[in-house]
Visitor: 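Dropping the structure in here first, questions after.
Each chain gets a letter, A, B and so on, in the order its sequence line appears, and its residues count up from 1. Computed from a predicted structure; not experimentally measured. Heavy-atom basis, side chains included; hydrogens, waters and symmetry copies ignored.
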Amino acid sequence: MLRLADGALILAQRLGEWCGHGPALEEDIAFANIGLDLLGQARLLYTHAGALEGRGRTEDSFAYWRDEAEFFNPTIVELPNGDFAQSVLRAYLFVLYQQSLWARLIASTDAELAAIAGKSAKETRYHVRHLGNWVVRLGDGTAESHTRLQRALDYLMPYTAELFAPDAVDDALLAARIGPALGDAATAWREPLAATLAKATLVLPAASPFLSMGKRGQHSEAMGYLLTEMQSLARAHPGATW
Amino acid sequence: MSNEWPLWEVFIRAKAGLDHKHCGSVHAPDATMALQAARDVYTRRQEGVSIWVVRADQIVASDPGDKHEFFDPMQDKIYRHPTFYQLPEEVNHI
Amino acid sequence: MYTQAMDVPNADDAPSVAAPANEAEAAAHFDARCAAGEYVEAKDWMPDNYRKTLIRQISQHAHSEIVGMLPEGNWISRAPSLKRKTILLAKVQDEGGHGLYLYAAAETLGVSRDELLTALHTGRAKYSSIFNYPTPTWADIGVIGWLVDGAAIMNQVPLCRCSYGPYARAMVRICREESFHQRQGFDSLQTMMQGTDAQRAMVQDAVNRWWWPVLMMFGPHDKDSQHSETSTKWGIKRISNDELRQKFVDATVEQAKVLGVGLPDPALTWNAERGHHDFGAIDWTEFWNVVNGHGPCNRERLAAKVKAHDDGAWVREAALAFSAKQAARAAA
């Protein structure tokens with residue numbers, strides 16, 4: 001649950017950085033919409049996680065009062081924004097991953113989680129479409145945009161291995177029929193990705209043995225800065241209400 | 001030469017049963033993106049169930065200079081309005 | 001109709017109202033229409049000066065909205081709760097939307113968004129002086145909502161009835177969306193005022209810093225305002241700077257009492273005779289300094305907008321190139 005929630009929150013945090021700085025006003029607004037949807041998803045998931053845990057933790061306890069090693073988002077969402085190509089592609093890779101999970105979590109034995117997945121799936125379908133359109137336009141646009149997007153793909157692809165590499169937590173959730181089968185999800189992710197990349201005239205880099213470990217709490221160097229910034233005000237005023 | 005994205009006019013149907021109504025415009029590189037921009041910009045508060053976008057330079061509009069010949073001749077066509085016809089009191093629902 | 005292309009008559013069109021035989025007669029007719037409270041639409045003939053005044057006013061307003069995204073955007077990443085983060089991101093996005101509606105309204109007057117942005121980026125176009133002040137603390141976000149948006153709404157509501165149709169319609173939409181930004185700001189400050197001493201001090205400090213710049217937002221005194229008279233005649237401006245400022249002060253004094261914050265003006269007192277609050281003298285030197293590019297954040301704000309635009313050039317080009325390729329493929 002926290003893996004899902006943290007992934008959505010951290011990507012929303014990165015998308016928020018674009019607000020006011022995008023390539024066109026229309027796109028500032030589109031990115032903010034995606035960010036708002038992701039924030040909404042994270043808040044629902046945190047609230048549900050807090051209720052399951054039963055120790056009184058709220059969405060804000062999860063977001064502001066955990067340390068880096070207690071965040072379980074996949075590393076890909078915490079990486080710096082880079083240029084617009086990298087931001088678009090990263091978001092696309094992640095929302096496509098979310099889409100493959102929601103489709104399976106709708107059948108979760110955890111009814112609340114299934115309901116959140118059902119609601120989020122609709123939002124995510126739109127994100128996949130919008131970002132996918134951008135991937136195609138940048139990939140098959142100008143020589144410069146193609147180069148930038150291919151560079152982003154080469155940089156980001158190794159970080160996607162983590163998304164579908166099951167560990168003990170994934171296996172336990174699958175056994176309890178709460179979590180998704182990551183193997184099936186990987187197929188559901190790879191097919192639309194391949195179609196989009198083909199339209200975008202991009203080439204997948206060779207597979208890499210690299211495996212990031214964000215979902216186990218071992219993050220990139222970028223994560224510390226992101227959390228320090230995000231949590232600074234809340235932590236400067238313990239116990240305050242905003 | 002400007003490489004500005006073209007302008008698109010946005011029309012939104014607020015709910016089923018109503019006409020599409022002009023509500024503004026967006027800049028977008030093509031029709032697909034124009035539709036998405038219109039969705040992101042003009043339906044943030046559930047303002048619509050259907051969107052049309054039309055390239056602004058494809059719209060043909062009447063000229064205000066033709067106002068007199070276009071619209072004034074309708075002023076005296078009172079027989080086109082229901083109030084022109086006086087019906088007896090006892091005839092209702094027509 | 002929000003379109004620029006329809007303003008341009010075709011070469012083979014008969015002469016229309018776009019080129020009146022008798023300019024003076026047309027101008028008199030136009031003034032009479034404005035005086036009668038009629039709406040002017042994009043294709044109608046209008047005096048050159050009306051067009052220029054509107055382009056200046058609407059584009060300044062649009063620029064203010066998009067530059068205004070920056071001081072508040074400064075806190076999206078650090079908002080102290082997920083609820084406040086969501087509210088702030090949505091609000092800054094709304095401002096982008098407002099800028100977009102306004103650029104579209106200006107474009108109906110025969111100027112492109114690119115031209116307007118160039119004017120902004122080269123420093124030729126002005127925007128509201130208020131956005132050149134920094135937002136060093138979170139309380140600034142609440143105060144911007146309460147005071148800056150509050151002042152903006154007072155300025156904007158009368159514009160919903162302005163004579164130029166596309167501008168008036170954009171303002172109706174904007175006012176509808178903006179009215180609750182002020183409530184959000186007030187709500188945020190109220191929560192902080194009921195919180196810790198540190199939170200209350202943060203709010204008071206922010207109010208102290210924003211109060212005078214907000215009063216300046218209403219513009220120079222009526223006697224010093226160069227554009228007011230013709231703008232009023234044409235129904236582009238309906239209530240004077242000083243009247244609006246007084247109305248704002250009167251409303252805000254009561255709200256400040258409810259919040260429990262002080263307003264940093266020892267001369268602020270109720271004048272029973274006038275039925276209004278008196279207030280101290282505004283430092284117009286500061287106002288003109290900020291307007292003319294010498295405020296605390298002018299350079300940063302402009303640099304951020306120029307950088308976003310320049311960095312985005314390849315993206316905009318790529319999208320156009322793709323569109324051209326698609327069209328070629330469809331034709332083949």
Visitor: Under 4.5 Å from any heavy atom of chain B, what part of C:Q326 do you find: side chain, backbone, both or neither?
Guide: neither

Visitor: Is the NZ atom of B:K15 crowded by more than 12 outside heavy atoms at less than 6.0 Å?
Guide: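 Not more than 12 within 6.0 Å, no.
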
Visitor: What is the minimum heavy-atom distance between C:L100 and B:V41, and which atoms define it?
Guide: CD1-CG2, 3.8 Å

Visitor: Closest heavy-atom contact between B:P29 and C:S323?
Guide: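 Closest approach of B:P29 to C:S323, heavy atoms only: O-OG, 3.2 Å.
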
Visitor: Would you say NE2 of C:H29 has more than 12 non-hydrogen atoms from neighbouring residues, nucleotides or ligands within 6.0 angstrom?
Guide: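 Counting other residues, nucleotides and ligands, NE2 of C:H29 stays at 12 neighbours or fewer.
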
Visitor: Please look at B:Q58 and chain C and tell me whether the side chain, the backbone, both or neither of the residue comes under 4.5 angstrom of a heavy atom of that chain.
Guide: neither

Visitor: Taking B:E4 for its side chain and C:R113 for its backbone only, find out whether a donor-acceptor pair lies under 3.5 Å.
Guide: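 Pair found, side chain donor or acceptor close to backbone of C:R113.
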
Visitor: Is the shortest side-chain N to carboxylate O distance from B:D30 to C:K325 below 4.0 Å?
Guide: no

Visitor: More than 12 foreign heavy atoms under 6.0 Å from CZ of C:R329: is that the case here?
Guide: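 It does: C:R329 CZ has more than 12 such atoms within range.
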
Visitor: Decide side-chain contact (heavy atoms from CB on, under 4.5 Å) for C:E107 and B:H27; before the verdict, give the C-alpha distance in whole Å, the side-chain angles of both, and the deciding distance to 0.1 Å.
Guide: CA-CA 11 Å; C:E107 283 178 276; B:H27 283 277; 2.7 Å; yes

Visitor: Tell me, side chain or backbone of C:F322 under 4.5 Å from chain B's heavy atoms, or both, or neither?
Guide: side chain

Visitor: So do B:C23 and C:R173 actually touch side chain to side chain, heavy atoms under 4.5 Å?
Guide: yes

